[in-house]
J.: 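Could you have a look at this structure, given as structure tokens, before my questions?
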Amino acid sequence: MLFAIKLVLEYEMQKARITEQQKSDFLSVLFVLFLFHLFCLNETTNLEAFRFINHYGQVFPAGVQAFISELGNGLFLGTLALGIMVKQPKWSVRILLAVVICTISVHLAKNYFDTPRPAAVLKMLNIIGDPRYSESFPSAHTTSVFLAAGLLWHSELSVKFKMLGLGIATGTALARVSVGAHWPEDVVIGAMLGWLCAHLACKYAALVPLSHKVRFGLYLFLFVVLISSEFSSSDHFADYPVIKLVRLGLLGYVAYLIYRAWGEAPKRVVLPS
């Protein structure tokens with residue numbers, strides 16, 4: 001009995017240490033982002049950083065830049081999040097809270113600042129996809145992808161997967177500059193905002209199971225929203241149809257996951273009268 005209690009205590013202490021390590025790493029990433037924010041706060045350095053990334057980013061094929069940039073698209077990440085919710089239902093409330101906080105924050109910031117994008121200011125720059133001219137600050141794509149990376153950081157996956165998620169988020173942020181859609185300051189603030197929203201969601205939303213009725217009602221509602229948004233939203237990278245095909249393929253896979261989860265859900269047993 002004492003041995004079992006000792007094992008439980010050691011497990012709880014180890015879990016606490018891991019949690020403290022996660023917090024330390026999380027704050028370290030936030031601190032690094034803040035340093036980049038200080039660097040880009042000056043208009044001259046922000047402009048020079050944009051020209052550097054926008055120019056040297058062209059060593060990569062335009063289609064590759066567009067695809068990496070669209071990894072922060074809300075439709076892509078929303079579909080991915082729905083798939084995770086189906087596979088890990090206890091994460092549903094946490095993911096939904098994170099998305100709500102993130103969406104409201106970005107919407108309010110864009111409407112309040114409404115800063116011009118590089119295409120509205122500069123005559124010479126590389127633009128991939130349809131040019132956009134307003135609501136540059138902050139970068140919604142970067143906020144979304146760093147929100148996903150932040151949620152991943154609070155998961156029980158290995159450090160390698162967490163670093164991979166952070167690397168993809170960083171690549172997406174850089175791609176938003178290389179395609180000419182955002183200033184460096186836009187993506188840095190977007191990264192900080194997404195990172196903080198993930199932290200708030202993980203702090204205040206517990207991992208709770210949902211009833212099967214609530215779960216599948218939620219899955220169906222979100223899937224309909226994603227499908228309708230996919231076919232009603234404008235495609236800024238229409239010249240690269242493979243991007244849309246990837247999103248549609250992911251939607252199809254998530255539909256399959258929902259169907260399979262519905263089939264595996266326990267059914268109510270009706271006793272004969």
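Numbering starts at 1 and runs along the sequence shown.
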J.: Compare all side-chain heavy atoms of M163 with those of K160 and state whether any distance is below 4.5 angstrom.
T.: no
J.: Verify, without hydrogens or angle tests, whether K90 (side chain) and L207 (backbone) share a donor-acceptor contact under 3.5 angstrom.
T.: no
J.: So among L75, V246, T79, which one has a side-chain contact (heavy atoms from CB on, under 4.5 Å) with L251?
T.: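 Among L75, V246, T79, the one meeting side-chain contact (heavy atoms from CB on, under 4.5 Å) with L251 is T79.
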J.: Has the side chain of N54 got a donor or acceptor atom that lies under 3.5 Å from a matching backbone atom of V177?
T.: yes
J.: Do the side chains of W195 and F39 join up, straight or via other hydrophobic residues, at under 4.5 Å, putting them in one cluster?
T.: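 No, separate clusters.
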J.: Please walk me through it: do F50 and L125 pass side chain to side chain contact (heavy atoms under 4.5 Å, CB included)?
T.: CA-CA 9 Å; F50 171 83; L125 74 160; 3.8 Å; yes
J.: If we ignore hydrogens and angles and just use 3.5 Å, is the side chain of R117 paired with the main-chain N or O of H182 as donor and acceptor?
T.: no
J.: Which atom names give the shortest non-hydrogen contact between D114 and S134, and what distance separates them?
T.: OD1-CB, 3.8 Å
J.: Heavy atoms only: give me the nearest A66-F237 pair and the separation to one decimal.
T.: CB-CD2, 3.5 Å
J.: Can you confirm whether L82 sits close enough to L257 that some side-chain heavy atom of one is under 4.5 Å from a side-chain heavy atom of the other?
T.: no
J.: Are W183 and P118 close enough that some pair of their side-chain heavy atoms sits under 4.5 Å apart?
T.: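 A side-chain contact under 4.5 Å exists here.
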J.: How close do C102 and C197 get, counting heavy atoms only, and between which atoms?
T.: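 Minimum heavy-atom contact is CA-SG, 3.8 Å.
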J.: Could you check whether any side-chain heavy atom of L122 comes within less than 4.5 Å of a side-chain heavy atom of L47, counting everything from C-beta outward?
T.: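 In short, these two side chains touch, coming nearer than 4.5 Å.
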J.: Sub-3.5 Å donor-acceptor pair from the side chain of R94 to the main-chain atoms of C202, do we have one?
T.: yes
J.: Test side chain to side chain contact (heavy atoms under 4.5 Å, CB included) on D235 and K244 and set out the steps.
T.: CA-CA 8 Å; D235 191 354; K244 190 176 187 68; 4.1 Å; yes
J.: For atom CZ of F223, is the number of surrounding heavy atoms from other residues, nucleotides or ligands below 6.0 Å larger than 12?
T.: yes
J.: So, S229 side chain and L226 main chain: donor-acceptor pair closer than 3.5 Å or not?
T.: no
J.: Is a side-chain donor or acceptor of Q65 paired with a backbone partner of G57 at a separation under 3.5 angstrom?
T.: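 Looks like yes, one N/O pair under 3.5 Å.
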J.: Classify the angle between the aromatic ring planes of Y219 and F216 as parallel (below 30°), tilted (30 to 60°) or perpendicular (above 60°).
T.: perpendicular
J.: Kindly indicate whether the side chain of L210, heavy atoms from C-beta on, has any atom under 4.5 Å from the side chain of P89.
T.: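 A side-chain contact is absent here, since even the closest heavy-atom pair is not under 4.5 Å.
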J.: Over all heavy atoms of both residues, which pair between T142 and V187 is shortest? Give the atoms and the distance, please.
T.: CG2-O, 3.2 Å
J.: Is W262 linked to I227 within one hydrophobic cluster, defined over Ile, Leu, Val, Met, Phe, Trp and Tyr using a side-chain heavy-atom separation of less than 4.5 Å?
T.: yes
J.: By the definition ring pair (Phe, Tyr, Trp, His ring centres under 6.0 Å), identify the one residue from F26, F146, Y204 that meets it with H199.
T.: F26
J.: Are F67 and L245 linked, directly or through other ILVMFWY residues, by side chains that come within less than 4.5 angstrom of each other?
T.: no
J.: Any donor-acceptor pair under 3.5 Å linking the side chain of S139 with the backbone of G190?
T.: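 Looks like no, no N/O pair under 3.5 Å.
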J.: With the 4.5 Å side-chain cut-off for hydrophobic clustering, are L164 and W153 part of the same group?
T.: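 Yes; tracing contacts between hydrophobic side chains, which count when under 4.5 Å, links both residues.
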J.: Check whether any side-chain N or O of K110 sits under 3.5 Å from a backbone N or O of P138 as a donor-acceptor pair, and report yes or no.
T.: yes
J.: Quick one, H236 and N73 - any side-chain contact, counting heavy atoms below 4.5 Å?
T.: no
J.: Looking only at heavy atoms, which two atoms of V145 and G72 are closest? And how far apart?
T.: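 Residues V145 and G72, closest heavy atoms: CB-CA, 4.1 Å.
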J.: Indicate, with yes or no, if V179 and V242 share a hydrophobic cluster defined by side-chain heavy-atom contacts under 4.5 Å among Ile, Leu, Val, Met, Phe, Trp and Tyr.
T.: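 Yes; tracing contacts between hydrophobic side chains, which count when under 4.5 Å, links both residues.
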J.: Taking C-beta and beyond as the side chain, do L33 and H37 meet within less than 4.5 Å on heavy atoms?
T.: no
J.: Can you tell me if K162 uses its side chain to pair, donor with acceptor, with the backbone of S155 under 3.5 Å?
T.: yes
J.: Search all heavy atoms of T172 against all heavy atoms of S69 and return the closest pair with its distance.
T.: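 Heavy-atom minimum between the residues: CG2-O, 3.6 Å.
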J.: Apply side chain to side chain contact (heavy atoms under 4.5 Å, CB included) to residues L248 and F231 and explain how you reach the verdict.
T.: CA-CA 10 Å; L248 291 175; F231 290 101; 3.9 Å; yes
J.: Would you say the side-chain atoms of S233 pair up with the backbone N or O of E230, donor to acceptor, closer than 3.5 Å?
T.: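 Judged by distance alone, no pair lies under 3.5 Å.
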J.: Given side chain to side chain contact (heavy atoms under 4.5 Å, CB included), test R215 with V86 step by step and report yes or no.
T.: CA-CA 8 Å; R215 279 173 53 199; V86 175; 5.7 Å; no
J.: Are side-chain heavy atoms of F137 and E185 found at a separation under 4.5 Å?
T.: yes
